[in-house]
Amino acid sequence: MRPMMPATHAEPPELAHADGAALRLRALTRRYGDRLAVNALSLAVPRGSVYGFLGPNGAGKTTTIRMALGLIAPSAGAVEIFGLDLASEGRRVLPRVGALIEQPAFYPYMSGRDNLRTFADALGGVSEARLDAVLELVGLRGRDGDRARTYSLGMKQRLGIGIALLHDPALLVLDEPANGLDPAGIVEMRDLLRRLAAEGKTIFISSHVLGEVRQTCDRVAIINHGKLIRESTVDELVRGQGELLVSVDRPAEALAMIQAQPWGRLARMTTDGQIITPAPDQQSASLNLFLVRAGFAPGGITERTESLEEIFLRLTQQPSA
């Protein structure tokens, strides 16, 4: 975890009217010798959003995050934060960023409050009132006098986020904040991130906990082999590929008839006997009419949605270009 530079709580005027993206990557590239870890990655994180950054292990997520925070330099491309170039304007813009990278580190024999105070002293300009506000925000009031070594993993993660929030950043970058958490800790983390978003902060989060990404994020980007392979709102992503889910008597017979049609060659059956299929003219009414005329009156036709896990696996298991 990297505490950022001190800052006032008010957003500087030059940032208030800057580009609408809180974070923008422009053809960001990083090479390690012959290995291309991040390959011309471009994306824009809208202000005030919770943005999920997804990819399998080794996809380039952590390398991207480290470049976005100025911890390592890109081989090519640029990072912009609130419309300002990180390479030339880092001293102006990094004070508006808070970050939690991998496991947070604190002093285990110090209390939660004293850990916050130690980081606040290093940052400078953080009042005792701000410590109180941060402890309240991350849900540690009442436990702030306990030694950090007695905290659960979820509490330690919240304390780490509290350290990142000390200077009231406008953009929060979190790398796997739910890593190692039990179900209760994951719910605590989700609630915290939604509270921060409700305050108007922009949150950029890398995570493997896809169910939580579905419930927490507004938009997601999926990368693989260092390249962007999909970016959209979560709702658009899970809406499916224009397929319908059909319940019908004698599903095997109905499926065979659908697969015999030019539009139905990709139809298939689920494990519980429902049919997944495109529709003639991409219209559910046309599919219903086709089935009725063929003697298969549907019990129901609904738009098929995919889970984020299904989409992630489908996209990331494709061979790289």
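Residues: numbered from 1 along the sequence shown.
The heavy-atom pair separating Val97 from His167 by the smallest distance is O-NE2, 2.9 Å. Nearest heavy atoms, Ala44 versus Pro46: O-CD, 3.5 Å. Minimum interatomic distance between Leu172 and Ala99 (heavy atoms only, all atoms of both residues): CD1-N, 4.3 Å. Closest heavy-atom contact between Val292 and Pro298: CG2-CD, 4.0 Å. Listed here is the closest heavy atom pair of Pro280 and Ser286: O-CB, 3.3 Å. Here the closest heavy-atom approach between residue Ala148 and residue Tyr107 is recorded as CB-O, 3.8 Å.
Side-chain atoms of Leu86 and Leu94, non-hydrogen and from C-beta on, do get closer than 4.5 Å to each other. Using a 4.5 Å heavy-atom threshold, the side chains of Glu199 and Leu137 count as touching. With a 4.5 Å cut-off on side-chain heavy atoms, Leu245 and Ile301 do not count as touching. Side chains of Val79 and Pro74 form no contact here, defined as non-hydrogen atoms less than 4.5 Å apart. Put simply, the side chain of Val38 does not reach to within 4.5 Å of the side chain of Thr29, judged on heavy atoms. Considering only heavy atoms from C-beta on, Phe82 stays 4.5 Å or farther from Arg92 through its side chain. Ile203 places none of its side-chain heavy atoms less than 4.5 Å from the side chain of Thr216.
Proximity of a side-chain donor or acceptor of Asp144 to a complementary backbone N or O of Gly112 within less than 3.5 Å is not detected. Within the 3.5 Å criterion, the main-chain N or O of Gln215 finds no donor-acceptor partner in the side chain of Arg190. Side chain of Arg24 to main chain of Glu80: no donor-acceptor pair is present (N/O by atom type, distance under 3.5 Å, no hydrogens or angles). Counting only distance, with no hydrogens or angles, the side chain of Ser111 and the backbone of Arg147 share no donor-acceptor pair below 3.5 Å. No donor-acceptor pair under 3.5 Å is formed between the side chain of Arg30 and the backbone N or O of Leu28. Side-chain atoms of Asp191 never come within 3.5 Å of backbone atoms of Met189 as a donor-acceptor pair (strictly under, hydrogens ignored). Of the possible polar contacts, none joining the Gln157 side chain to the Leu153 backbone as a donor-acceptor pair under 3.5 Å is found. A donor-acceptor contact shorter than 3.5 Å links the side chain of Arg96 to the backbone of Asp168. The main-chain N or O of Lys61 is never found under 3.5 Å from a side-chain atom of Ser206 such that the two would form a donor-acceptor pair.
Linking ILVMFWY side-chain heavy atoms closer than 4.5 Å, directly or via other members, places Val246 and Leu289 in two distinct hydrophobic clusters. Under the 4.5 Å side-chain heavy-atom criterion for Ile, Leu, Val, Met, Phe, Trp and Tyr, Met269 and Leu244 are members of the same hydrophobic cluster. Linking Ile, Leu, Val, Met, Phe, Trp and Tyr whenever their side-chain heavy atoms come within less than 4.5 Å puts Ile222 and Leu210 in one cluster. There is a path of hydrophobic side-chain contacts, each under 4.5 Å, that joins Leu255 to Met257.
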Enumerate donor-acceptor pairs with a distance under 3.5 Å from any side-chain N or O in residues 62-69 to protein atoms, sequence neighbours excluded.
unit_1 : atom_1 : unit_2 : atom_2 : d
Thr62  : OG1    : Asp175 : OD2    : 3.2
Thr64  : OG1    : Gly60  : O      : 2.7

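Classification of the Trp263-Phe290 ring pair by plane angle, with boundaries at 30° and 60°, yields perpendicular.
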Tell me, with the steps shown, if Arg268 and Glu243 meet side chain to side chain contact (heavy atoms under 4.5 Å, CB included). CA-CA 11 Å; Arg268 56 205 182 275; Glu243 294 179 320; 2.8 Å; yes
Determine, stepwise, if the pair Leu36 / Arg31 fulfils side chain to side chain contact (heavy atoms under 4.5 Å, CB included). CA-CA 5 Å; Leu36 190 58; Arg31 289 184 177 275; 3.5 Å; yes
Which is it for Thr202 and Tyr51 under the side chain to side chain contact (heavy atoms under 4.5 Å, CB included) test, yes or no, and what are the steps along the way? CA-CA 8 Å; Thr202 304; Tyr51 194 101; 5.9 Å; no
Verdict with supporting geometry, Val134 and Val126, side chain to side chain contact (heavy atoms under 4.5 Å, CB included): CA-CA 11 Å; Val134 167; Val126 180; over 6 Å; no
Would Glu136 and Arg195 count as a salt bridge (charged side-chain N to carboxylate O under 4.0 Å, His left out) here? Give the steps. CA-CA 11 Å; Glu136 185 70 35; Arg195 288 201 306 274; over 6 Å; no
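Interatomic distance, Leu41 CG to Phe53 CZ, rounded to the nearest 0.5 Å: 5.5 Å. With rounding to the nearest 0.5 angstrom, the NZ atom of Lys156 is 12.5 Å from the CG atom of Leu140. Summarising the geometry, atom CG belonging to Leu100 is positioned 6.0 Å from atom CD1 belonging to Ile161; distances are rounded to the nearest 0.5 Å. The CG atom of Asn39 sits 11.0 Å away from the OG atom of Ser75 when rounded to the nearest 0.5 Å. Rounded to the nearest 0.5 Å, atoms CG (Leu165) and CG (Leu192) are 7.5 Å apart. Note that the CD1 atom of Ile258 and the CG atom of Leu266 stand 12.0 Å from one another [nearest 0.5 Å].
Within a 6.0 Å radius of CG in Asp132, more than 12 heavy atoms belonging to other residues, nucleotides or ligands are found. The number of heavy atoms from other shown groups lying within 6.0 Å of OH (Tyr109) does not exceed 12.
Judged by distance alone, the side chains of Asp235 and Thr233 never bring a donor and an acceptor atom under 3.5 Å apart.
Each of Leu54, Ile229, Leu315 was scored for a side chain to side chain contact (heavy atoms under 4.5 Å, CB included) with Asn224, with one residue passing: Ile229.
Evaluation of the ring-ring contact (aromatic ring centres under 6.0 Å, His included) rule for Phe296 yields no partner, not counting sequence neighbours.
A salt bridge links Arg117 with Asp114: the closest approach of a Lys/Arg side-chain nitrogen to an acidic carboxylate oxygen falls below 4.0 angstrom. Under 4.0 Å is where a charged nitrogen must lie from a carboxylate oxygen, and between Glu236 and Arg219 no such pair does.
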